[in-house]
Amino acid sequence: MANELEVTGAMTTRRDDATGFLQGLVSKGLGWARKYSLFTYPFATACCGMEYMSVAASRYDIARFGAEFPRFSPRQADLLMVVGTINMKQAPILKRVYDQMTEPKWVVAFGVCASSGGFYDNYAVLQGIDRIIPVDVYIPGCPPRPEQVLDGLMLLQNKIQDQKHGLGNKQQLPQRPGMRDLLAAQK
Amino acid sequence: MDHAHDHHDEASKPTDVRERLFLPELLHGLAISTRKFLRNLFGERDPNPQVVDRTGLSLVTTVQYPDEKPIYPPGYRGLHRLVPREDGKPRCVACYMCATICPAQCIYIEAGEYSDDDHATESRVIEKYPTQFVIDELRCVVCGLCVDACPKDAIRMDTYKHTPAEYTRQGFVYDIPRLLRGPPVTHPSDPWYKRGSSEEPDHVHKEAHTRIGEGLVPLKLPGGHRVEVDTSNPVAVTKFIK
């Protein structure tokens with residue numbers, strides 16, 4: 001049994017109910033809008049890039065899922081597709097690209113190399129990008145078939161729809177020094 | 001005059017007034033685009049997933065994926081399956097061949113042993129079976145070497161299904177209940193078809209290398225009844241024995 005304080009904490013007024021209902025409505029609408037307008041940043045490093053092109057081309061056409069527009073600037077993207085092997089030298093770059101993306105953002109690990117390192121179980125390869133950035137959907141395959149990618153994309157859309165979205169991000173952004181500041185500090 | 005020279009003549013030909021006016025050619029191009037556009041917009045679209053076989057008026061090649069699923073080609077290496085025996089247990093004898101050859105090292109096997117007083121027919125001729133057979137599909141590179149390496153035809157990739165995407169890495173860990181699927185498979189060379197006692201004739205030994213159609217050997221099935229194999233078209237046994 002919960003204690004008395006927890007029970008009273010769950011009580012809501014009609015005003016809270018109304019705002020909660022409105023927030024739920026807004027969240028649903030934003031989720032609907034966001035899941036059908038994913039701007040992808042294809043972080044393509046290896047052979048999976050070919051399969052990404054196949055997904056983006058007319059035969060499979062991710063434009064049908066509203067994700068047709070690859071943005072090669074992380075500032076303009078909200079879906080980071082990590083396509084291919086990420087080695088130790090590439091990992092900081094990937095981390096930086098992820099940090100540069102603006103909220104809300106999602107990550108798809110495309111193919112087994114990005115997801116788990118694949119058969120590159122050696123010192124030079126990152127054993128899955130989830131060691132440095134959070135991953136929403138993993139797509140297996142070496143490389144994945146376009147159908148698998150579309151499966152993953154639909155999973156991600158379901159996830160986005162179920163997430164809580166709000167108007168205006170009140171979150172305090174972390175202060176990260178830019179590369180210019182780091183170079184200046186070195187001098 | 002060869003073709004290349006011909007083409008050169010064509011390119012160096014002086015343009016006529018119609019081409020220099022530019023406008024008629026522009027309209028010609030626009031007409032082609034409009035015709036194709038209207039054809040795709042109003043034409044009947046053949047939903048055949050084999051795009052090259054489509055016959056409809058519309059030229060749109062896009063596969064509407066979740067509704068129309070493309071047919072995977074024969075020999076497509078899909079999701080693994082552990083092949084069951086007739087009695088529903090996996091054919092696998094935990095020999096570690098697949099786990100050894102796997103370049104991604106994504107197969108994990110733990111072997112168990114049948115006890116001597118186990119009276120099941122198979123258990124007297126098979127010593128080992130897998131207590132754990134786990135494939136990490138998120139590491140698998142779909143090379144098919146495990147299928148080639150398996151001496152018992154116990155692992156196959158003939159499901160013609162791709163591994164589905166998941167939210168977590170744990171979801172890609174496929175154990176025996178998830179892997180054991182599909183129709184059961186038997187071969188004449190399966191050890192439980194071998195002679196049960198020494199009273200039977202010697203040439204039953206050849207069963208291990210017999211294919212259906214060779215003749216000579218009546219096969220013994222686990223149920224106790226015997227199956228006569230077709231002897232009409234014999235295949236030389238030396239074809240298989242080196």
Side-chain angles (χ1 to χ4, degrees), chain A residues 46-48 51 54-65 68 85 106-122 125 127-131 134-160 162-163, chain B residues 36 40 45 48-52 54 58-73 76-80 99-108 135-146 157 159-174 178:
Chain A
C47 33
C48 281
E51 217 59 30
S54 171
V55 178
S58 55
R59 176 88 194 268
Y60 290 96
D61 197 12
I62 46 173
R64 297 192 295 121
F65 298 86
E68 72 266 46
T85 323
W106 299 276
V107 179
V108 167
F110 186 113
V112 295
C113 285
S115 304
S116 71
F119 70 170
Y120 299 110
D121 188 4
N122 57 32
V125 173
Q127 297 301 300
I129 55 165
D130 50 5
R131 296 199 176 191
V135 176
D136 292 291
V137 172
Y138 300 88
I139 300 171
C142 185
R145 277 197 73 94
E147 291 91 355
Q148 283 171 293
V149 182
L150 296 182
D151 275 353
L153 205 64
M154 283 184 279
L155 276 187
L156 182 69
Q157 286 183 334
N158 292 345
K159 184 170 189 170
I160 293 171
D162 293 342
Q163 275 172 345
Chain B
K36 300 262 173 185
N40 289 342
R45 183 174 161 279
N48 187 354
Q50 299 285 26
V51 172
V52 285
R54 281 182 181 173
S58 169
L59 301 169
V60 174
T61 55
T62 308
V63 177
Q64 304 289 326
Y65 166 61
D67 306 321
E68 301 167 10
K69 296 202 157 88
I71 304 152
Y72 291 151
Y76 169 71
R77 295 194 294 271
L79 192 57
H80 299 84
T100 308
I101 202 163
C102 180
Q105 299 179 352
C106 68
I107 303 180
Y108 175 78
I135 300 182
D136 183 2
E137 294 285 354
L138 204 58
R139 263 195 192 273
C140 170
V141 291
V142 216
C143 62
L145 286 179
C146 50
M157 299 173 86
T159 46
Y160 290 90
K161 275 184 359 190
H162 56 249
T163 315
E166 303 266 2
Y167 289 128
T168 58
R169 280 174 84 153
Q170 188 59 39
F172 291 98
V173 177
Y174 282 68
R178 288 179 84 183

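All chains are named by letter (A, B, ...) in the order of the sequence lines, taking the proteins before the strands, and each is independently numbered beginning at 1.
Interface check for chain B: of the options Asp136(A), Asp121(A), Ile139(A), Asp61(A), the most heavy-atom pairs under 4.5 Å are formed by Asp136(A). The residue among Gly118(A), Pro144(A), Gly117(A) with the most heavy atom pairs within less than 4.5 Å of chain B is Gly118(A). Looking only at heavy-atom pairs under 4.5 Å with chain B, the residue among Pro140(A), Cys142(A), Gly128(A), Gly141(A) that has the most is Pro140(A). With respect to chain B, the highest number of heavy-atom pairs below 4.5 Å among Val135(A), Val108(A), Asp130(A) belongs to Asp130(A). Comparing Ala57(A), Gly111(A), Ser115(A), Gly152(A) by how many heavy-atom pairs each has under 4.5 Å with chain B, the most go to Ser115(A). Among Thr163(B), Leu138(B), Thr168(B), the residue with the largest count of heavy-atom pairs under 4.5 Å with chain A is Leu138(B).
Of the two parts of Arg145(A), only the side chain, counted from C-beta on, holds a non-hydrogen atom closer than 4.5 Å to a non-hydrogen atom of chain B.
Listed for the Thr159(B) side chain is a donor-acceptor partner under 3.5 Å among the backbone atoms of Leu79(B). Not a single donor-acceptor pair under 3.5 Å links the side chain of Tyr138(A) to the backbone N or O of Ser116(A). With Arg77(B) contributing its side chain and Val142(B) its backbone, the two residues share a donor-acceptor pair below 3.5 Å.
Between Arg64(A) and Glu68(B), no side-chain nitrogen of the basic residue sits less than 4.0 Å from a carboxylate oxygen of the acidic one, so the salt-bridge criterion is not met.
A 6.0 Å sphere centred on CD of Gln64(B) holds more than 12 heavy atoms belonging to other residues, nucleotides or ligands. For Phe172(B), the CZ atom counts as densely surrounded, since its 6.0 Å shell holds more than 12 non-hydrogen atoms of other residues, nucleotides or ligands.
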